[in-house]
**Student:** 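The structure under discussion is supplied below as structure tokens; questions concerning it will follow.
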Protein chains: 2
Amino acid sequence: MNIGEAANASGVSAKMIRYYESVGLIPYPHRTHSGYRVYRQEDVHVLRFIRRARDLGFPVEQIRELLALWQDRSRASSEVKGIARRQVEELNARIVQLVAMRDTLRHLVEHCSGDDRPSCPILDDLADAAHDSHEQGII
Amino acid sequence: MNIGEAANASGVSAKMIRYYESVGLIPYPHRTHSGYRVYRQEDVHVLRFIRRARDLGFPVEQIRELLALWQDRSRASSEVKGIARRQVEELNARIVQLVAMRDTLRHLVEHCSGDDRPSCPILDDLADAAHDSHEQGII
DNA sequence: GCTAGACCTTCCCACCGTTGTAAGGTCAAG
DNA sequence: CTTGACCTTACAACGGTGGGAAGGTCTAGC
């Protein structure tokens with residue numbers, strides 16, 4: 001199987017397959033005499049695993065851990081659960097942050113007349129240092 | 001005022017002040033005879049504006065628009081409202097995506113025993129191509 | 001056997017916003 | 001005059017992905 005076919009079969013672009021190889025997430029594959037990478041069905045399985053984990057927001061380094069655990073037949077599920085729980089917490093932190101941003105902004109939008117007049121609470125708020133949100137940890 | 005003082009007063013790092021200058025978000029400041037950048041209170045005000053907008057998740061290019069509108073005394077608030085509304089929509093899209101990820105993962109975590117046994121639905125799910133979530137648009 | 005086009009290879013660049021680091025100049029206090 | 005805290009520019013790195021150039025290879029059709 002060519003890299004292009006593996007890409008189609010896995011949903012991971014050829015570009016990214018080479019990248020994952022370069023960072024050691026997947027092993028160097030066999031090559032044809034002319035240097036083409038050759039993949040087996042099993043490799044596609046691994047690529048799908050990676051793809052799905054990326055879809056779930058796992059960073060590459062955590063996928064590396066998950067792959068190692070996946071391929072370790074004697075692993076304890078508690079290790080995997082720990083990584084996943086960490087990831088849930090990280091996702092949650094980002095969600096909380098984004099929701100706070102969105103709500104602040106939505107509030108401002110709702111109080112802006114949005115007509116031809118220049119008066120605008122959105123800009124007023126951005127300009128008004130009295131909020132000092134950056135010292136209160138909104139970021 | 002030095003760049004360091006302006007950084008302290010605005011909450012924007014000296015590094016980022018130079019960066020914003022380099023991408024044309026803020027103008028070239030005056031310099032001392034020895035080449036040090038000199039800032040006025042007004043510049044700090046602009047930097048705070050940028051900082052707060054970044055805190056609200058605005059990308060630099062949108063901040064450029066907002067700054068232009070802020071400094072345009074005859075602008076219509078509807079323009080500002082439009083930009084802010086766009087940003088609310090973008091934040092919302094990212095939130096929806098992250099929440100979907102988190103909930104999927106949390107569901108998996110809840111169904112993982114997390115003990116010494118190797119059986120683990122989290123890895124099973126990642127390995128199981130039957131979900132094919134990437135073809136159903138979870139990403 | 002030749003050619004066209006669809007693949008493959010490696011290598012480098014860009015994105016975005018931020019931080020780090022290195023090599024050098026400058027200022028103020030002791 | 002030295003020390004240390006500042007400043008300057010310039011370059012690299014991060015993470016993950018896409019784009020493209022320059023060249024090799026395979027396959028189908030003639």
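Residue numbers begin at 1 in each chain, while the letters A, B, ... track the order of the sequences.
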**Student:** What is the distance, rounded to the nearest whole Å, between atom CD1 of A/I50 and atom C1' of D/dG15?
**Tutor:** 15 Å
**Student:** Which nucleotide in the list D/dC7, C/dG17, C/dT9 gets nearest to the side chain of B/P59?
**Tutor:** C/dG17
**Student:** Is it the case that one hydrophobic cluster holds both A/Y28 and A/I17, taking links as side-chain heavy atoms less than 4.5 Å apart, direct or via other members?
**Tutor:** no
**Student:** Closest to the A/M16 side chain: C/dC8, D/dT17, D/dC6?
**Tutor:** D/dT17
**Student:** Could you state the atom-to-atom distance from CZ of B/R64 to C1' of C/dG17 in whole Å?
**Tutor:** 13 Å
**Student:** From CD1 of A/I17 over to C1' of D/dG16, roughly how many Å is that when rounded to an integer?
**Tutor:** 15 Å
**Student:** With a 4.0 Å limit, can you tell me whether A/R37 has a side-chain N or O closer than that to the phosphate oxygens OP1/OP2 of C/dT10?
**Tutor:** yes
**Student:** For C/dT18, does either OP1 or OP2 sit under 4.0 Å from a side-chain N or O belonging to B/Y20?
**Tutor:** yes
**Student:** State which residues pass ring pair (Phe, Tyr, Trp, His ring centres under 6.0 Å) with A/H30; sequence neighbours excluded, sorted by chain then number.
**Tutor:** none
**Student:** For the pair made of CD1 in A/I3 and C1' in C/dA6, what is the distance, rounded to whole Å?
**Tutor:** 15 Å
**Student:** Nearest 0.5 Å, please: how far is OG in B/S13 from CZ in B/R51?
**Tutor:** 9.0 Å
**Student:** Nearest to the side chain of A/Y19, heavy atoms from C-beta on, is which of C/dC8, D/dT9, D/dT17?
**Tutor:** D/dT17
**Student:** Is any side-chain N or O of A/R54 closer than 4.0 Å to OP1 or OP2 of D/dG16?
**Tutor:** yes
**Student:** B/S34 side chain N/O closer than 4.0 Å to the phosphate oxygens (OP1, OP2) of D/dC7?
**Tutor:** no
**Student:** Picking from A/D43, A/V12, A/V46, what satisfies side-chain contact (heavy atoms from CB on, under 4.5 Å) with A/I26?
**Tutor:** A/V46
**Student:** Nearest-nucleotide wise, let me know which of A/K15 and A/Y36 is further upstream toward the 5' end of DNA chain C.
**Tutor:** A/Y36
**Student:** Would you say that more than 12 heavy atoms from the other residues, nucleotides or ligands in this model lie under 6.0 Å from the CZ of B/R94, or not?
**Tutor:** no
**Student:** In this structure, how many angstroms lie between the P atom of D/dT17 and the CD1 atom of A/I63, rounded?
**Tutor:** 8 Å
**Student:** In whole Å, what is the span from the CZ atom of A/R31 to the P atom of D/dC26?
**Tutor:** 14 Å
**Student:** Report the relative orientation of the aromatic rings in B/H45 and B/W70; use parallel for angles under 30°, tilted for 30 to 60°, perpendicular for over 60°.
**Tutor:** perpendicular
**Student:** Do B/L67 and B/Y20 land in one hydrophobic cluster if side-chain heavy atoms of ILVMFWY residues count as linked below 4.5 Å?
**Tutor:** yes
**Student:** Mind listing the closest non-hydrogen atom pair of A/E21 and A/R37 along with its distance?
**Tutor:** OE1-NE, 2.8 Å
**Student:** Any idea which of C/dT9, C/dT19, D/dC7 is nearest the B/N2 side chain?
**Tutor:** D/dC7
**Student:** Tell me what A/S13 touches on the nucleic acid: a base, only sugar-phosphate, or nothing, going by heavy atoms under 4.0 Å.
**Tutor:** sugar-phosphate
**Student:** Please confirm whether the shortest side-chain N or O distance from A/H33 to OP1 or OP2 of D/dG24 is below 4.0 Å.
**Tutor:** no
**Student:** So what is the end-to-end bend of the helix from C/dG1-D/dC30 to C/dG30-D/dC1, with 5 pairs used at each end and the value given to 10 degrees?
**Tutor:** 20°
**Student:** Calculate the interatomic distance between A/M1 atom CE and C/dC8 atom P; express it in whole Å.
**Tutor:** 12 Å
**Student:** Tell me the interatomic distance from B/E61, atom CD, to C/dC15, atom P, rounded to whole angstroms.
**Tutor:** 11 Å
